[in-house]
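First up is the structure itself, then whatever we jot down about it.
Counting begins at 1 with the first residue of the sequence. These numbers were taken from a predicted model, which means no experiment stands behind them.
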Amino acid sequence: MSDFSKPKILVVNDDAASLLALTSLLEQWADESNYEVLSARSGQDALRQVLRHDFAVILLDVNMPGMDGFETAEAIHQRPRSADIPIIFVTAFLADEIDRLKAYQRGAADFLFTPVIPQVLRAKVQVFVTLATKNEQLKRQAEKLSQHATELTATNQRLVREMEERRAAERKSSAKDEFLAMLGHELRNPLSAISSAASLLGMPGAAPESLARARLIIQRQSQHLSRIVDDLLDLSRAMSGKILLSRKRLDLGALVSSCLDTFRATGRMAGYAIETRLAPGWVDGDATRLEQIASNLIDNALKYTPAGGNIEITVALDGDEVVLRVRDSGVGIAPDLLPHVFDIFVQGAISIDRSQGGLGIGLSLVRRLVELHGGSVSASSAGTSSGSTFEIRLPRTEAAAGTDGPALHGAGEADKPTILLIEDNDDGREMMATMLSSFGYPVLQARDGVEGVATALAQQPDVALVDIGLPGIDGYEVARRLRQDEATRGIRLIALTGYGLEEDQRRGLEAGFDLHMVKPVELNALLERLGDVAAAPAGKVDQPAAAG
């Protein structure tokens with residue numbers, strides 16, 4: 001659309017003298033009335049001008065050769081954009097009623113008769129110029145109002161979005177606060193039990209049965225603390241994408257069956273009606289992580305199902321997928337919680353006197369681990385007190401050609417390797433040395449990195465268990481120095497550390513470690529890996545999947 005800051009008037013006349021006279025008259029008042037005058041010598045020329053400009057009014061000669069005024073007016077008003085332009089017909093004779101009717105049918109707004117009286121011309125033109133000016137003002141006001149309305153709408157949408165984000169942040173903050181409070185509760189319980197049991201061990205005259213019971217409590221509660229820390233670390237790794245899967249073809253049904261055997265051995269499943277249907281279902285996955293998924297789902301069902309309840313665990317094939325389904329008759333999931341059951345920091349039925357405990361991060365970890373395997377997880381429940389169902393779907397693969405696992409390397413009783421234990425924590429070092437000695441391993445000890453390197457040079461051990469966070473020089477530097485010296489280059493090096501991220505493993509291997517294990521280390525796992533290290537050339541030991 002052309003600029004309408006100055007209304008335009010189009011004068012159409014095939015007679016050059018008449019055209020000049022009309023345009024000259026109109027131009028006398030153009031500056032005062034703020035309009036612009038354009039001209040056309042024919043109907044066709046007038047149509048071309050209408051295509052290029054918008055006009056406040058058109059002064060159109062009736063009697064023109066070729067396309068007369070009536071035909072020109074009809075053509076102008078046929079176009080939607082110019083249909084409302086007012087037209088004043090200019091004619092040299094007094095039109096009768098028939099001519100007037102014909103003109104109005106063609107869209108005429110008025111008539112001018114020649115010779116034109118200047119005052120009449122000015123008055124009639126001024127009406128349409130003023131009308132066009134007012135229309136343009138209204139149009140601009142409407143555009144401003146529309147723009148303002150758009151801005152208000154955008155502002156309102158932004159405010160609504162900010163309020164939703166604020167509410168979500170508040171909900172997340174509240175959930176984190178609840179999680180931290182629950183974490184403190186979960187840590188204090190086993191710590192309190194360990195502290196009490198340790199005090200009992202130091203009491204003179206304590207009965208042997210009490211001392212044995214205290215040792216069992218310390219062992220069990222230490223394992224519980226280890227599981228809490230493992231859950232937190234695993235979730236952190238999963239959320240940051242730093243879990244590496246050690247994939248191989250395995251039978252999910254057999255894996256779940258093994259998990260159930262573990263639960264039965266610990267007595268967790270006593271008092272429940274357990275129904276299992278475990279069909280062979282082969283998937284390409286990490287055995288450790290898939291066992292973690294299955295254990296979390298089974299543990300969740302046990303935790304939220306009262307004693308005497310029913311738990312159904314199935315592994316089945318569904319097209320190209322293997323489906324693990326855990327259904328229970330427990331407390332169920334409230335409708336408002338169901339969409340968020342896999343979100344971090346969300347836990348149902350939170351109460352301070354929960355008997356089962358837990359941090360409420362197991363399902364979040366399950367979802368992330370399933371996604372890393374290219375699968376999906378879903379939850380369903382008819383509501384509170386109606387039980388719940390969790391379903392895992394993983395891509396199906398062909399069965400492995402053989403089901404025998406790889407043989408484990410191990411050292412014989414008669415040729416146990418000498419172990420150098422470099423650890424600055426006196427209690428931890430002493431307990432580790434005592435346990436290894438009880439299994440027949442000769443153990444050397446060092447309190448820091450410098451002492452460790454000196455002991456290694458002097459005693460030439462077969463294996464060194466090295467803590468990373470040592471005073472003086474850290475474990476990485478210990479490994480580098482031992483690898484650089486010809487006398488100690490062949491010592492098998494195992495890093496024992498509380499840091500288990502991929503970056504930590506990479507730094508350890510670059511420094512010269514053969515193996516990276518995360519504290520607290522299960523004794524059986526350590527003994528197995530010591531056998532692997534003793535049997536393998538330096539630098540050639542496979543990393544365990546659980547250390548990732």
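Atom CD1 of I494 and atom CG of L420 lie 11.5 Å apart (nearest 0.5 Å). Atoms CD and CZ, from E510 and R480 in turn, are 9.5 Å apart once rounded to the nearest 0.5 Å. Separation of atoms CD (E151) and CG (N156) is listed at 13.5 Å; rounding is to 0.5 Å. For the atom pair CZ (R367) and CG (L365), the distance works out to 11.0 Å, reported to the nearest 0.5 Å. Residue R447 holds its CZ atom at 11.5 Å from CG of L421, rounded to the nearest 0.5 Å. Taking CD of Q157 as the start and CD of E164 as the end, the distance is 10.5 Å to the nearest 0.5 Å.
In this structure a side-chain-to-backbone donor-acceptor pair under 3.5 Å is present from Y272 to L302. No side-chain donor-acceptor contact under 3.5 Å links K248 to the backbone of A287. Side chain of Y304 to backbone of D299: no donor-acceptor contact under 3.5 angstrom is found. Checked by atom type and distance alone, the side chain of H373 never pairs as donor or acceptor with a backbone atom of V283 at under 3.5 Å. Although no hydrogens or angles enter the test, the distance criterion places a donor-acceptor pair under 3.5 Å between the side chain of S381 and the main chain of I333. In this structure a side-chain-to-backbone donor-acceptor pair under 3.5 Å is present from R483 to R489.
Using a 4.0 Å cut-off between charged nitrogen and carboxylate oxygen, D318 and R396 do not count as a salt-bridge pair. Between R492 and D462 there is no salt bridge, since no side-chain nitrogen of the basic residue lies less than 4.0 Å from a carboxylate oxygen of the acidic one. The pair R325-E312 fails the salt-bridge criterion, with no side-chain N (NZ, NE, NH1 or NH2) lying under 4.0 Å from an Asp/Glu carboxylate O.
A pairwise comparison of heavy atoms in E423 and N425 identifies OE2-N, 3.0 Å as the closest pair. Taking every heavy atom of both residues into account, A301 and V326 meet most closely at CB-CG1, 3.9 Å. Of all heavy-atom pairs spanning I491 and P461, the tightest one is CG1-O, 3.3 Å. Listed here is the closest heavy atom pair of D467 and L496: OD1-O, 3.0 Å. Of all non-hydrogen atoms in T455 and A446, the two that sit nearest each other are OG1-CB, 4.3 Å. Residues A379 and F390 come closest through the heavy atom pair CB-CE2, 3.5 Å.
The shortest distance between side-chain heavy atoms of L515 and M517 falls below 4.5 Å. Side chains of I473 and D448 form no contact here, defined as non-hydrogen atoms less than 4.5 Å apart.
Within 6.0 Å of atom CD in E398, 12 or fewer heavy atoms from other residues, nucleotides or ligands are found, so the atom counts as exposed in its surroundings. Around the CG atom of D320, the shell of radius 6.0 Å holds no more than 12 heavy atoms that belong to other residues, nucleotides or ligands.
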Side-chain donor-acceptor contacts of residues 193-214 below 3.5 Å, not counting sequence neighbours, with atom names and distances?
residue: S196; atom: OG; partner: S192; partner atom: O; Å: 3.0
residue: S199; atom: OG; partner: S195; partner atom: O; Å: 3.0

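With no hydrogens or angles considered, a side-chain donor-acceptor pair links R289 and Q292 at under 3.5 Å. For R327 and T389, the side-chain atoms include at least one donor-acceptor pair closer than 3.5 Å. In this structure, a donor-acceptor pair under 3.5 Å is present between the side chains of S388 and D328.
With respect to I293, the side-chain contact (heavy atoms from CB on, under 4.5 Å) criterion is satisfied by exactly one of V366, I298, L252: V366. Partner I422 forms a side-chain contact (heavy atoms from CB on, under 4.5 Å) with one of L465, L444, L470 and no other, that one being L470.
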